[in-house]
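Small disclaimer: the values here were computed from a predicted structure and weren't measured.
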Amino acid sequence: MYDTIIIGTGPAGFSAAMNLKIHNKDFLWFGSKNMSSKVEKAEKIRNYPGLPEITGQELQAHFQHHAETMDIEIQEKMVTMIMKNGDSYMVLADNELYEAKTVLFATGVMAAKTLKGEDSFLGRGISYCATCDGALYKGKRIAVICNDARFEHEVTYLAELAEQLIYFPQYRGSRVQAGNVTVSAGRPVKVEGESRAERLVLQDGQILPVDGIFILRNAIAPDTLLRELQTEGGHIVVNRRMETNLRGCYAAGDCTGRPYQYTKAVGEGNVAAHSIIEYLASLQS
């Protein structure tokens, strides 16, 4: 069992990982090895103490170099579910289960909106994980909605299983090609069905009958990952110690609310790490 699992590789996640590493905690850090695309795309950052007029690319390079010098490893896996398990947490990432005494959300703000009906049919015809649930739809007609080209290998995997796959890439330059794949420029807005997802409704009113729907996003809403988690206005509710409503669960950075600032995220990641360290110490007393 790990001391902590950190979800998210932006400034908040890195700040927490750095402090946990200094205190010799045994943790996993899940996210992109490229760290934060939001940081990287910033033209100029004028309010980062000690680094005036730094570009996002430069700050990102500093983060990556710092992580390398401290031998902090990023596990490039997608977290698709978190379950409370007594006093610990079970985290499902790329179809593998990990257990930790604490978890830290440093997931940033989820840009993509969920479909109407998505939450209701999750686990009943809707899945976020191709490798977890793909085999259930062998020889079936499925729809796949994807907002990041790095998941194209999962789309291809699903195409190998399905009889027919309707693909909705929400990015430019899709390279998915197969005889049973139809690429659609339509915009899915709603999921319908009785006991499970059976129909995908597009913005233009078109209704597509399907056996299943896979939604492959580069982020999943925190309260979808962990159902008991308290959120408000799309943000995780925390106190000044970055504690959520769940014992042993913490959050830091943009996912806790405005202002969406790198300096704020770094500070909250630091606070969260020290709160986790104190909590872990209390378990041993």
Check your understanding: Within the side chain of Glu76, is there an N or O that forms a donor-acceptor pair under 3.5 Å with the backbone of Lys33?
Key -> yes
Exercise for review: Decide whether Tyr171 and Leu158 are clustered together by the hydrophobic rule: side chain heavy atoms of Ile, Leu, Val, Met, Phe, Trp, Tyr closer than 4.5 Å, transitively.
Suggested key: yes
Exercise for review: Look at the side chain of Glu268 and the backbone N and O of Gly253, then say whether any donor-acceptor pair between them is shorter than 3.5 Å.
Suggested key: yes
Check your understanding: Asn180 side chain to Leu161 main-chain N or O, any donor-acceptor pair under 3.5 Å?
Key -> no
Point to revise | Test item: Asn85 and Met83 side chains (from C-beta on) under 4.5 Å apart, heavy atoms | key: no
Point to revise | Nearest-0.5 Å distance, CG of residue Asp133 to CD1 of residue Ile126 | key: 11.5 Å
Exercise for review: Taking the side chain as every heavy atom from C-beta outward, state whether Ile145 and Leu115 have any pair of such atoms under 4.5 Å apart.
Suggested key: yes
Check your understanding: Roughly how far apart are Glu58 CD and Tyr48 OH, rounded to 0.5 Å?
Key -> 13.5 Å
Check your understanding: Counting N and O atoms only, with roles assigned by atom type, does the side chain of Thr4 sit under 3.5 Å from a partner on the main chain of Ala100, one being a donor and the other an acceptor?
Key -> no
Review point. Would Val39 end up clustered with Val109 when hydrophobic side chains under 4.5 Å apart are linked, directly or stepwise?
Key: no
Check your understanding: Are any of the side-chain heavy atoms of Phe168 and Leu208 separated by less than 4.5 Å?
Key -> yes
Exercise answer: donor-acceptor pairs, residues 16-30 side-chain atoms, under 3.5 Å, sequence neighbours excluded:
from	atom 1	to	atom 2	distance (Å)
Asn19	ND2	Ser15	O	2.8
Lys21	NZ	Asp71	O	3.4
Trp29	NE1	Gly8	O	2.8

Review point. Leu92 versus Met90: any side-chain heavy-atom pair under 4.5 Å?
Key: no
Practice item. Taking Ser275 for its side chain and Arg241 for its backbone only, find out whether a donor-acceptor pair lies under 3.5 Å. Key: yes
Practice item. Report, as yes or no, whether the 6.0 Å neighbourhood of atom CZ on Arg150 holds more than 12 heavy atoms from other residues, nucleotides or ligands. Key: yes
Review point. Please walk me through it: do Val183 and Val176 pass side chain to side chain contact (heavy atoms under 4.5 Å, CB included)?
Key: CA-CA 8 Å; Val183 179; Val176 175; 5.6 Å; no
Review point. Hey, quick one: are Ile236 and Leu226 part of the same hydrophobic cluster, counting side-chain heavy atoms closer than 4.5 Å, chains of contacts allowed?
Key: yes
**Study point:** Stepwise side chain to side chain contact (heavy atoms under 4.5 Å, CB included) check, Val144 with Phe151
**Key:** CA-CA 11 Å; Val144 180; Phe151 298 123; over 6 Å; no
Practice item. Check whether more than 12 heavy atoms from other residues, nucleotides or ligands sit under 6.0 Å from atom CD of Glu278, and answer yes or no. Key: yes
Review point. Does a side chain donor of either Asn95 or Thr131 reach within less than 3.5 Å of an acceptor in the other side chain?
Key: no
Check your understanding: Would Glu163 and Lys140 pass as an ion pair if we require N to O under 4.0 Å?
Key -> no
Check your understanding: Which heavy-atom pair separates Arg199 from Val210 by the least distance, and what is that distance?
Key -> N-CG2, 4.2 Å
Practice item. Might you point out which heavy atoms bring Arg141 and Ile166 nearest each other, and give the distance in Å? Key: NH2-CD1, 3.3 Å
Practice item. Taking all heavy atoms of Asp254 and all of Pro259, pick out the closest pair and write down the distance. Key: OD1-O, 4.4 Å
Point to revise | CG/Asn239: more than 12 non-hydrogen atoms of other groups inside 6.0 Å | key: yes
Point to revise | Distance under 6.0 Å and angle within 45° of ring axis: Lys101 vs Tyr2 | key: no
Check your understanding: Are Ile45 and Tyr260 co-members of a hydrophobic cluster defined by side-chain heavy atoms under 4.5 Å apart?
Key -> no
**Study point:** Interatomic distance, Met81 atom CE to Leu97 atom CG [nearest 0.5 angstrom]
**Key:** 9.5 Å
Check your understanding: How about Ile220 and Met78: do any of their side-chain heavy atoms sit closer than 4.5 Å?
Key -> yes
**Study point:** Ile82/Ile5 under side chain to side chain contact (heavy atoms under 4.5 Å, CB included): CA gap, chis, key distance, verdict
**Key:** CA-CA 11 Å; Ile82 303 172; Ile5 289 178; over 6 Å; no
Point to revise | Donor-acceptor pair between Asn47 and Gln261 side chains, under 3.5 angstrom | key: yes
Check your understanding: Do the side chain of Gln60 and the main chain of Ser36 share a donor and acceptor less than 3.5 angstrom apart?
Key -> yes
Exercise for review: Taking Thr80 for its side chain and Tyr128 for its backbone only, find out whether a donor-acceptor pair lies under 3.5 Å.
Suggested key: no
Study note, to complete from the structure: For Gln170 and Asn147, the nearest pair of non-hydrogen atoms, with its separation, is OE1-CB, 3.9 Å
Check your understanding: So, do Glu53 and Lys44 sit near enough that their side-chain heavy atoms are less than 4.5 Å apart?
Key -> yes
Exercise for review: State, yes or no, whether a side-chain contact exists between Phe214 and Glu154 at a heavy-atom distance under 4.5 Å.
Suggested key: no
Review point. Are Val181 and Gln177 close enough that some pair of their side-chain heavy atoms sits under 4.5 Å apart?
Key: no
Practice item. Hey, could you give me the CD1/CE distance between Ile74 and Met35, rounded to the nearest 0.5 Å? Key: 5.0 Å
Exercise for review: Give the intermediate values and the outcome of side chain to side chain contact (heavy atoms under 4.5 Å, CB included) for residues Thr69 and His65.
Suggested key: CA-CA 6 Å; Thr69 59; His65 177 68; 3.5 Å; yes
Practice item. Inspect the surroundings of CD in Gln57 and state if more than 12 heavy atoms from other residues, nucleotides or ligands are less than 6.0 Å away. Key: no
Check your understanding: Can you name the closest pair of heavy atoms from Arg247 and Tyr89 and give their distance?
Key -> O-OH, 2.6 Å
Revision key, fill the gap. d(Tyr262 OH, Leu51 CG) to nearest 0.5 Å is 13.5 Å
Study note, to complete from the structure: Nearest heavy-atom approach of Thr256 to Met242 is CG2-CE, 4.2 Å
Revision key, fill the gap. When rounded to the nearest 0.5 Å, the distance separating CD1 of Ile6 from OG1 of Thr107 is 12.5 Å
Practice item. Using the rule that two of Ile, Leu, Val, Met, Phe, Trp, Tyr join whenever any of their side-chain heavy atoms come within less than 4.5 Å, decide whether Leu200 and Leu165 are in one cluster. Key: yes
**Study point:** Sidechain N-carboxylate O distance under 4.0 Å for Glu152, Arg175
**Key:** yes
